[in-house]
Amino acid sequence: MQKFIITGGSRLSGELTLQGSKNSALPIMAAAFLTGGVCTLDNCPRITDVYSASRILSGLGCKCTFSGGEFRVDASGAGGSEISAALMKEMRSSIMFMGAMIGRMGRCSVSVPGGCELGPRPIDMHLSALRKMGAVITDEGGRITCKAPGGKLTGAKINLPFPSVGATENIILSAATAEGETYINNAAREPEICDLCGFLRRCGADIRGDGESTVVIKGVKRLNGCDYTIMPDRIAGATYLSMTASAGGEMILKNACTEAMEPFLSVLEQTGCRIITGNDRIYLRCGARLKGIHDRIRTMPHPGFPTDAQAVLMAALVTAEGTSVFEENIFDCRYRHTDALRKMGADIEVLGKVAVVRGVKSLSGAVVTATDLRGGAAMAVAGLKAAGETVITDISHIDRGYENFEGAVECLGGKIKRV
Ligand code: EPZ
């Protein structure tokens, strides 16, 4: 298993072009199957979750090719409707293919998806919505089979108990070619949902209201393939900004989605960093020691503070002056990175969904194990601040969502090597 060796303690300085969004590319790749055409996705991140999704598409009969940052998928000859348990286990987004398969084939057979272990990650909202649209669903020993009577789902009014990102995306994918109109109330408003809908509209779908709490999808007879550019990855952006803020220094983040990153930036600037945004660039400079954030940092559905940025911001605040308090409201178990940060000298107390971070003057390098995608990145943020050497093992978690992570850190002047 590979690991990162990081030598911390130096200020960072550099420029970095932000990768394409993992959480946008994955549902859009599922949508490409739904279209049954040829789609070219530009700015598609070269990450292992995308390679997993590509294997799923190939298993469904698509022809997939990567050249540079462009992913091309020809779904015209594809006709599969089953995904193996092994492939489903590789990532959470495999569940997105349910909506795409039943939308195109009128049926699907999947298992419970994998993904970061952040606590129980049920799919009850996904299944309940599909049933409301007429799907007949059976679950035999973890193998879930869905069938649309007559091969077509029917539009329905769906009230989500929680603005689930995945459930919202699955419903949109299922409804795009269903009979009639589907209304999603309490829909998730994440920017990646708007990107998925932008792709689907380009393919001929009739969707409005994405980015708001009520989304209306009017089923169309058929979709066509298209060329599309994936939006930048706002969480990878938050990661690299947290890295530079923590170590001290300055950076320019290019090809950034400044508007989508606003919920994170508005919190980061409370640490005393200087942040200037313009079009698709973010300039950050951090001279002195960060200040602890006075107001509680509550993770919330967009446009609240993103749960995916909680770990990396926490890693930046462990050496801030003063105390910061986090409240994790999205997942039951998203503080798994705190043990590693404590091992490096952090003072963090976890009380249920609250984490109290008391700033310490310095950290020391240690050998730590990545627990999940964002938790692993948080360890790198802390390692670049810590005196001495930090070794992060099990970095396959980080490779799931960060394209050429060590290359990005090196662009910022960080000392890191993959061994
Ligand atoms: C997406 O996961 C993202 N993943 C996650 O990013 C992100 O943290 C999450 O949305 C929240 O923003 C992708 O887009 C691939 P949810 P998803 O459905 O869709 C509960 C990363 O680091 N829930 O909005 O799985 C669920 O357990 C990853 O890039 C149900 O109870 O998130 C959780 O507590 C991690 N039943 C909450 O809702 C359901 O049927 C939010 O989950 C569905 C969800």
Side-chain angles (χ1 to χ4, degrees), residues 4 6-22 43 45-47 69 191 231-291 293 297 305-306 308-321 324 363 373-374 376-387 390 392 398 401-418:
F4 283 137
I6 294 171
T7 305
S10 316
R11 291 172 68 79
L12 298 180
S13 173
E15 295 190 6
L16 177 63
T17 298
L18 191 51
Q19 72 176 63
S21 166
K22 165 180 89 79
N43 201 34
R46 304 294 293 248
I47 55 177
M231 70 175 281
D233 192 313
R234 60 192 172 103
I235 305 302
T239 303
Y240 299 119
L241 289 168
S242 298
M243 211 173 259
T244 304
S246 165
E250 59 181 347
M251 69 173 284
I252 294 177
L253 190 63
K254 297 186 279 188
N255 188 37
C257 39
T258 48
E259 192 184 333
M261 290 182 69
E262 192 47 41
F264 168 77
L265 295 174
S266 62
V267 173
L268 182 63
E269 65 190 3
Q270 294 174 46
T271 64
C273 291
R274 180 144 167 69
I275 298 172
I276 303 170
T277 58
N279 294 340
D280 67 346
R281 292 189 170 210
I282 299 173
Y283 169 74
L284 173 137
R285 184 167 55 78
C286 184
R289 186 180 177 189
L290 295 183
K291 289 184 296 187
I293 292 180
I297 304 153
F305 182 84
D308 295 344
Q310 176 255 103
V312 294
L313 181 64
M314 183 186 290
L317 288 170
V318 296
T319 53
E321 189 171 358
S324 306
L363 296 175
L373 166 57
R374 309 301 176 188
M379 294 170 203
V381 171
L384 285 162
K385 176 71 176 178
T390 293
I392 305 175
I398 299 176
Y402 292 93
E403 184 178 79
N404 186 15
F405 186 75
E406 64 273 30
V409 173
E410 283 166 343
C411 279
L412 299 175
K415 296 188 185 70
I416 183 172
K417 50 182 195 284
R418 179 187 290 256

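Sequence positions, counted from 1, serve as the residue numbers for this chain.
- The OG atom of S242 sits 6.0 Å away from atom CG of L268, with the distance rounded to the nearest 0.5 Å.
- Of the possible donor and acceptor atoms, one in the side chain of S324 sits under 3.5 Å from a partner among the backbone N and O of I293.
- M379 is not listed as a side-chain neighbour of T390, based on a closest heavy-atom distance of 4.5 Å or more.
- Of the inter-residue distances, the one linking I398 atom CD1 with I47 atom CD1 reads 13.0 Å to the nearest 0.5 angstrom.
- In terms of heavy-atom proximity, A245 sits nearest to C286 at O-SG, 3.4 Å.
- One finds the OG1 atom of T277 at 9.0 Å from the CD atom of E269 (value rounded to the nearest 0.5 Å).
- The two residues M231 and A260 make their nearest non-hydrogen contact at CE-CB, 4.2 Å.
- For residues 246-256, the pairs satisfying salt bridge (Lys or Arg N to Asp or Glu O under 4.0 Å) are E15-K254, with sequence neighbours left out.
- Two residues are said to be in side-chain contact when any heavy atoms from C-beta on lie closer than 4.5 Å; V267 and I297 meet this criterion.
- Partners of R418 under the side chain to side chain donor-acceptor pair (under 3.5 Å) rule, at least two apart in sequence or in another chain, are Q2, D399, E406.
- Heavy-atom neighbours of E321 CD from other residues, nucleotides or ligands within 6.0 Å: at or below the threshold of 12.
- Between the side chain of R374 and the main chain of I235, no donor-acceptor pair closer than 3.5 Å is present.
- The distance from atom CG of N255 to atom CG of N43, rounded to the nearest 0.5 Å, is 5.5 Å.
- Here salt bridge (Lys or Arg N to Asp or Glu O under 4.0 Å) pairs that include residues 236-246, with residues two or more places apart or in two chains, number zero.
- In terms of heavy-atom proximity, L384 sits nearest to M243 at CD1-CG, 3.2 Å.
- Qualifying salt bridge (Lys or Arg N to Asp or Glu O under 4.0 Å) partners for R274, counting only residues two or more places apart in sequence or in other chains: none.
- Looking at residues two or more places apart in sequence or on another chain, you find no salt bridge (Lys or Arg N to Asp or Glu O under 4.0 Å) involving E403.
- Remark: A236 pairs with L18, Q19, D233, Y240, Y402 by the side-chain contact (heavy atoms from CB on, under 4.5 Å) rule, at least two apart or across chains.
- Residues S13 and L412 have side chains not in contact (no heavy-atom distance under 4.5 Å, counting atoms from C-beta outward).
- Residues that satisfy the side-chain contact (heavy atoms from CB on, under 4.5 Å) test with E410, not counting sequence neighbours, are I416.
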Verdict with supporting geometry, I6 and I392, side chain to side chain contact (heavy atoms under 4.5 Å, CB included): CA-CA 8 Å; I6 294 171; I392 305 175; 3.9 Å; yes
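- We find the OG1-CZ distance between T319 and R289 to be 7.0 Å, quoted to the nearest 0.5 Å.
- Across all their heavy atoms, L373 and G401 have their closest contact at CD1-N, 3.5 Å.
- A search for side-chain contact (heavy atoms from CB on, under 4.5 Å) contacts involving S10 returns K415, not counting sequence neighbours.
- Distance CZ/F264 to CD1/I275: 7.0 Å, rounded to 0.5 Å.
- For R234, the salt bridge (Lys or Arg N to Asp or Glu O under 4.0 Å) partners are E192, not counting sequence neighbours.
- Every residue meeting the side-chain contact (heavy atoms from CB on, under 4.5 Å) condition with E262, not counting sequence neighbours, appears here in chain and number order: L265, S266.
- T258 approaches R281 most closely through the heavy-atom pair CG2-O, 3.7 Å.
- Between L12 and A247, the shortest heavy-atom contact is CG-CB, 3.8 Å.
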What donor-acceptor contacts under 3.5 angstrom involve side-chain atoms of residues 309-317, with partners at least two apart or in another chain?
unit_1 : atom_1 : unit_2 : atom_2 : d
Q310   : OE1    : H337   : NE2    : 3.2
Q310   : NE2    : E328   : OE1    : 3.1
Q310   : NE2    : R334   : O      : 3.0

